Amino acid sequence: MLDYENLLNNEQFDAVTAEDGPLLVLAAAGTGKTRTLTYRVAYLVEHGVPAENLLLLTFTNRAAKEMLERANSLTGNAISSLWGGTFHHVCNRMLRKAADRIGFQRDFVILDRDDSCKLIEQCINSITRNKKDFPKKNVIASMIGMAANRGCGIESVVEGQLDSLKVDPSEIVAVARMYAERKNELGMMDFDDLLINGLKLLKEHQFVREFYQEKFRHVLVDEYQDTNRMQAEMVDILAARNRSVMAVGDDFQCIYSWRGANFANIMDFPTRWPDCRIIKLERNYRSAPEILDVANASIRGNAEQFRRYPKELRAVRNSRRKPSFYLLYDGEEQGIAVSGLIRRYLEDGYQPKDVAVLYRAHFHVVGLEFHLRNIGVPYVVTSGVGVFELAHVKDVISFLRMCEFQTDYLSFNRLLGLLSGVGEKTIEKLWAKLGGKFDVTSTQDRETLLGLLRPAAREQWQHIDRLMGTYHLPSGDTISGPDVLDRFLEVFYRGYMARSFDNPEDREDDLRELANQLRKSASVREFLQEVSLLTNVDQEAMGIDGDKNNAVHLSTVHQAKGLEWPVVIIIWAVEGMFPSSRSMAENDDDTEERRLFYVAVTRARDDLVLCAPSMRYTRDGGAFQCKPSRFIKELPKGLLSERYGFRRY
DNA sequence: GTTGGGAGAATTTTT
DNA sequence: TTCTCCCAAC
């Protein structure tokens with residue numbers, strides 16, 4: 001039995017050992033939120049709750065993995081049967097068992113962002129007459145997503161953005177409808193559908209609902225402040241029977257409201273669960289007091305919110321030195337300053353992996369990479385595109401999908417499109433002639449397809465076709481996933497990469513990693529059903545890029561959430577970039593940006609550096625002044641040590 | 001119908 | 001600077 005009393009502080013101990021019943025843990029940054037959750041899991045398991053009766057919901061795969069690993073080692077590997085993961089993951093898992101109840105196949109395909117954009121584009125093309133003025137597919141996609149996550153109709157989203165759009169709103173509504181219909185016909189779900197349909201399943205099917213209500217004696221939710229309406233509702237339903245729900249979160253760190261996250265959920269939790277206990281964690285073990293002073297002062301700028309659940313980060317660590325603020329001439333000087341600072345930190349004994357550079361948006365980092373390369377510091381950028389969204393990875397996955405599942409138009413489309421001389425129209429015709437299906441196990445389908453292709457394409461497809469034939473052997477055996485992937489490379493894809501990409505070797509490395517992942521998972525099928533839920537944030541955790549372990553981290557603030565580094569450098573802390581003028585234009589409200597700043601600041605353990613160049617250049621050669629961020633200006637005097645220009649540090 | 005080249009536009013945050 | 005779209009040539 002773990003010695004909880006000595007391993008935890010008083011508040012953490014209260015939360016971990018709380019009796020059954022609703023519990024809201026307000027855990028400010030760096031106060032041991034993960035620790036509390038993992039010990040809670042361990043505590044419950046040690047006190048006789050079977051792990052399969054626990055549900056642990058997280059916001060990212062990374063958080064899930066981290067917590068499960070830690071809880072697992074605390075309990076001596078006793079939690080393998082625990083359900084844990086993102087909301088999307090858990091919905092996926094429930095739907096794989098029961099999707100047929102709501103009109104889907106259990107092996108439905110998940111559309112990732114790219115897939116759904118393509119589908120939306122098709123809808124746009126078939127509905128709208130003048131494509132010129134019509135919003136781009138990405139815009140429509142985010143409108144549809146917004147509607148889904150807010151739980152409102154597409155109409156009201158369109159209405160809200162009407163002045164910036166120059167088109168007939170009814171056309172947008174029509175596109176959204178058509179997209180929904182197309183998805184239905186294809187039997188596919190996008191990310192939002194996983195939540196929508198997971199919830200639908202629970203609401204409409206008493207048997208399913210009661211099964212899970214019974215099963216999950218304890219529901220634990222991480223990052224509760226970032227849940228949207230659907231997610232909160234799902235938690236409420238799942239916990240309704242046993243009433244043992246533990247929501248952990250920090251309203252100061254709600255940074256996903258643009259995605260439908262609604263921190264009213266955390267504010268109203270005590271209303272929805274009137275007998276809930278509230279425990280506050282305020283002792284911060286992470287950061288030096290001078291850093292916490294900045295964080296505390298900054299979040300007070302959100303006056304209204306601050307009144308509701310006032311929290312003050314209280315330092316446990318000893319005093320160090322004040323965070324510094326560099327006012328720089330321009331991005332160039334910032335690059336020199338940042339790389340110079342990093343070099344000095346390395347001389348002082350820090351490792352590259354101890355340092356992170358954070359920024360508001362991906363494109364803010366472009367100028368900096370050059371300088372880091374210059375001084376020869378290893379670095380990793382958590383880029384915007386995930387491994388599983390890369391074109392070559394998706395190509396190969398399409399091939400695997402076609403091998404494994406019978407009819408999947410999307411994969412068919414993607415794979416056939418790789419052949420030379422085959423484009424969109426040809427594919428449509430082929431698909432129609434095949435009768436709207438392609439079953440890889442049917443010799444007839446395979447022969448028909450081969451016969452329909454024009455010679456050049458047939459020549460290429462033959463090899464793939466033969467390979468598919470050996471995947472499903474009459475004996476019922478299949479070649480292993482990694483092997484079939486290898487063969488695919490050999491007979492077709494390596495050649496394709498060589499003539500289509502300028503960096504085929506790099507891409508082949510990605511594919512080799514994909515094969516490794518495949519080898520680790522239980523079956524090809526299972527891997528394919530999960531793969532679209534994996535994102536770039538998880539890649540390091542999964543071992544891709546594993547050789548870059550000791551490197552400076554360049555990351556957006558969003559992706560840095562939940563992480564910490566001894567040294568954190570925030571770049572482009574200027575008006576218009578952080579806070580971002582785009583996000584401000586949408587809702588005329590800087591509170592979420594301020595929370596984002598709070599998140600950024602509280603990532604730092606020892607040292608925090610804020611950089612604000614005074615000049616920004618536009619692509620057409622123009623330049624304009626920018627002012628340091630309001631989040632710096634509004635701080636009380638004396639919290640930062642101010643430095644001007646890089647030559648003076 | 002497909003493909004590739006060239007001109008033009010454009011940059012938030014992500015499960 | 002990179003991505004996207006459009007058009008002209010196969």
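Below, chains carry the letters A, B, ... as their sequence lines are ordered, and counting in each starts from 1. All values derive from a computational prediction rather than experimental measurement.
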Given atom [atom1] of [X] and atom [atom2] of [N], what is their separation to the nearest angstrom?
X: A:His558; N: B:dT14; atom1: NE2; atom2: P; value: 7 Å
X: A:Asp114; N: B:dT15; atom1: CG; atom2: P; value: 15 Å
X: A:Asn149; N: B:dT13; atom1: CG; atom2: C1'; value: 14 Å

Could you list all the salt bridge (charged side-chain N to carboxylate O under 4.0 Å, His left out) pairs where at least one residue sits in residues 221-235 of chain A, not counting sequence neighbours?
-> A:Lys33-A:Asp222, A:Lys33-A:Glu223, A:Lys203-A:Glu233, A:Glu223-A:Lys561, A:Asp226-A:Lys561

Between the base of B:dT13 and the side chain of A:Arg360, is there a donor-acceptor distance below 3.5 Å?
-> yes

Would you check if the side chain of A:Gln529 reaches a backbone N or O of A:Glu526 as a donor-acceptor pair within less than 3.5 Å?
-> no

Please confirm whether A:His558 and A:Tyr256 have ring centers closer than 6.0 angstrom.
->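 Yes, close enough.
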
Secondary structure of DNA chain C in dot-bracket form (Watson-Crick or G-U wobble, distances below 3.5 Å, | marking inter-strand pairs) = .|||||||||

Judged by modelled atom types alone, do A:Tyr179 and A:Asp190 share a side-chain donor-acceptor pair under 3.5 Å?
->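 Present: a donor and an acceptor within the cut-off.
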
For the side chain of A:His88, starting at C-beta, report the closest nucleotide among B:dT15, B:dT12, B:dG1.
-> B:dT15

In sequence, state the C-alpha distance, the side-chain angles, and the governing distance for A:Asp115 and A:Lys394, and then conclude on salt bridge (Lys or Arg N to Asp or Glu O under 4.0 Å).
-> CA-CA 10 Å; A:Asp115 299 328; A:Lys394 291 203 68 175; 2.7 Å; yes

With A:Arg96 as the cation and A:Phe108 as the aromatic partner, state whether NZ or CZ is under 6.0 Å from the six-membered ring centre and within 45° of the axis.
->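 So A:Arg96 does make the cation-pi contact.
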
